[in-house]
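Convention: sequence-line order gives letters A, B, ...; per-chain numbering from 1. What you see below is based on every heavy atom in this structure, not just the backbone, and it leaves out hydrogens, waters and symmetry mates. A quick note: this is a predicted structure, and the numbers were derived from the prediction, not measured.
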Amino acid sequence: MEHNDSFPQRVWQIVASIPEGKVTTYGEIARLAGSPRAARQVGGVLKRLPEGSTLPWHRVVNSQGTISLTGPDLQRQRQALLSEGVQVSGTGKINLRKYRWDY
DNA sequence: CACGTGACCGATT
DNA sequence: AAATCGGCCACGT
């Protein structure tokens, strides 16, 4: 990963490398991207993904292991994770001990 | 340049 | 366990 890439580009690359069936956090991505305190911005980047992007954005949750999205969006992310074998409660809670991606 | 805005985080009530 | 608080920083206006 090139250090001169823009923040969004670094985020895209990192998210793209999260393996199926695993999840990571906004804060962890921020650290890997070289801006350890820019977790909110990671969320901002994912929100603005182009329509039809293949990036596995659904593998990103908050530091408490819960889905940060709400309403229908929460359920979409939940389904995407369930379909690749990640257990998610109805309210969007995930066991990070079990599914966290260790870089 | 000066704000306002968050798919956040960690520490502290 | 849950709510609150202060800090954070990329981006838009």
Side-chain angles (χ1 to χ4, degrees):
Chain A
M1 118 154 42
E2 302 296 329
H3 175 284
N4 49 342
D5 284 343
S6 72
F7 181 74
Q9 285 177 325
R10 294 194 296 265
V11 170
W12 295 333
Q13 283 194 314
I14 295 161
V15 173
S17 70
I18 306 171
E20 182 178 333
K22 290 287 178 181
V23 301
T24 189
T25 67
Y26 298 97
E28 175 66 7
I29 291 172
R31 283 189 289 278
L32 294 175
S35 294
R37 277 142 293 178
R40 295 183 86 139
Q41 288 54 247
V42 173
V45 168
L46 297 186
K47 181 199 302 207
R48 300 182 188 80
L49 282 181
E51 194 66 40
S53 166
T54 61
L55 215 66
W57 57 270
H58 58 278
R59 299 181 188 144
V60 186
V61 299
N62 65 37
S63 67
Q64 311 313 304
T66 64
I67 291 174
S68 286
L69 293 177
T70 60
D73 289 334
L74 187 161
Q75 293 308 324
R76 261 199 277 117
Q77 180 168 5
R78 177 168 179 269
Q79 284 307 318
L81 287 170
L82 288 174
S83 72
E84 55 184 61
V86 176
Q87 294 181 323
V88 189
S89 80
T91 54
K93 176 69 178 168
I94 293 159
N95 186 333
L96 284 183
R97 300 242 204 145
K98 190 167 178 183
Y99 296 108
R100 185 195 292 277
W101 168 50
D102 307 301
Y103 180 71

Note to self: With heavy atoms of chain A within less than 4.0 Å as the criterion, where does contact along DNA chain C begin and end?
What the structure shows: dG7(C) to dC11(C)
What residue pairs, at least two apart or across chains, pass salt bridge (Lys or Arg N to Asp or Glu O under 4.0 Å) with a residue in [range]?
range: residues 33-46 of chain A; result: none
range: residues 60-70 of chain A; result: none
range: residues 48-59 of chain A; result: Arg59(A)-Glu84(A)

Taking distance alone, no hydrogens or angles, what donor-acceptor pairs closer than 3.5 Å link side-chain atoms of residues 87-96 of chain A to residues at least two apart or in another chain?
residue  : atom : partner  : partner atom : Å
Gln87(A) : OE1  : Lys98(A) : NZ           : 3.3
Ser89(A) : OG   : Thr91(A) : N            : 3.3
Ser89(A) : OG   : Thr91(A) : OG1          : 3.1
Ser89(A) : OG   : Gly92(A) : N            : 3.4
Ser89(A) : OG   : Lys93(A) : N            : 3.0
Lys93(A) : NZ   : Gln64(A) : O            : 2.5
Asn95(A) : OD1  : Arg97(A) : N            : 2.9
Asn95(A) : OD1  : Lys98(A) : N            : 3.3

Note to self: Under the rule for side chain to side chain donor-acceptor pair (under 3.5 Å), what residues qualify as partners of Thr66(A), not counting sequence neighbours?
What the structure shows: Asn62(A)
Item checked: Exercise: identify the closest heavy-atom pair between Phe7(A) and Ser35(A) ->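 Residues Phe7(A) and Ser35(A), closest heavy atoms: CE1-CB, 4.0 Å.
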Checklist line | Distance-minimising heavy-atom pair for Leu55(A) and Ala16(A) | finding: CD1-CB, 3.8 Å
Next item on the list: Identify whether any heavy atom of Thr70(A) sits under 4.0 Å from a base atom; if not, whether one sits that close to sugar-phosphate; answer base, sugar-phosphate or nothing.
Entry: nothing
Next item on the list: Encode nucleotides 8-13 of chain B as B, S and - characters from 5' to 3', where the letter depends on protein heavy atoms closer than 4.0 Å: B to the base, S only to sugar-phosphate, - to neither.
Entry: BSS---
Checklist line | Rounded distance (nearest 0.5 Å) linking atom CD of Gln75(A) with atom CD of Gln77(A) | finding: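 Between Gln75(A) CD and Gln77(A) CD, I get 10.5 Å after rounding to 0.5 Å.
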Notebook entry, point to check: CD/Glu20(A) to CG/Leu81(A) distance, rounded to the nearest 0.5 angstrom?
Noted result: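 The distance works out to 10.5 Å.
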Note to self: With ring pair (Phe, Tyr, Trp, His ring centres under 6.0 Å) as the rule and sequence neighbours excluded, what pairs involving residues 51-102 of chain A come up?
What the structure shows: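 Every ring pair (Phe, Tyr, Trp, His ring centres under 6.0 Å) pair that includes a residue of residues 51-102 of chain A, provided the two are not neighbours, is Trp101(A)-Tyr103(A).
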Item checked: Residues forming a salt bridge (charged side-chain N to carboxylate O under 4.0 Å, His left out) with Arg76(A), sequence neighbours excluded ->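 Applying salt bridge (charged side-chain N to carboxylate O under 4.0 Å, His left out) to Arg76(A) gives Asp73(A).
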Checklist line | Test item: Val60(A) and Ile18(A) side chains (from C-beta on) under 4.5 Å apart, heavy atoms | finding: yes
Check: What are the residues of residues 44-55 of chain A, sorted by number, that bring a heavy atom to within less than 4.0 Å of DNA chain B?
Finding: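 Heavy-atom cutoff 4.0 Å gives Leu46(A), Lys47(A).
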Next item on the list: Would you jot down, in residue-number order, the residues of residues 73-81 of chain A having a non-hydrogen atom under 4.0 Å from DNA chain B?
Entry: none
For residues 23-31 of chain A, which side-chain N or O atoms pair as donor and acceptor with protein atoms under 3.5 Å away, sequence neighbours left out?
residue  : atom : partner  : partner atom : Å
Thr25(A) : OG1  : Glu28(A) : N            : 3.0
Glu28(A) : OE1  : Arg31(A) : NE           : 3.2
Glu28(A) : OE1  : Arg31(A) : NH2          : 2.9

Notebook entry, point to check: More 5' along DNA chain C: Arg37(A) or Pro8(A), using each one's nearest nucleotide?
Noted result: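 Of the two residues, Arg37(A) wins.
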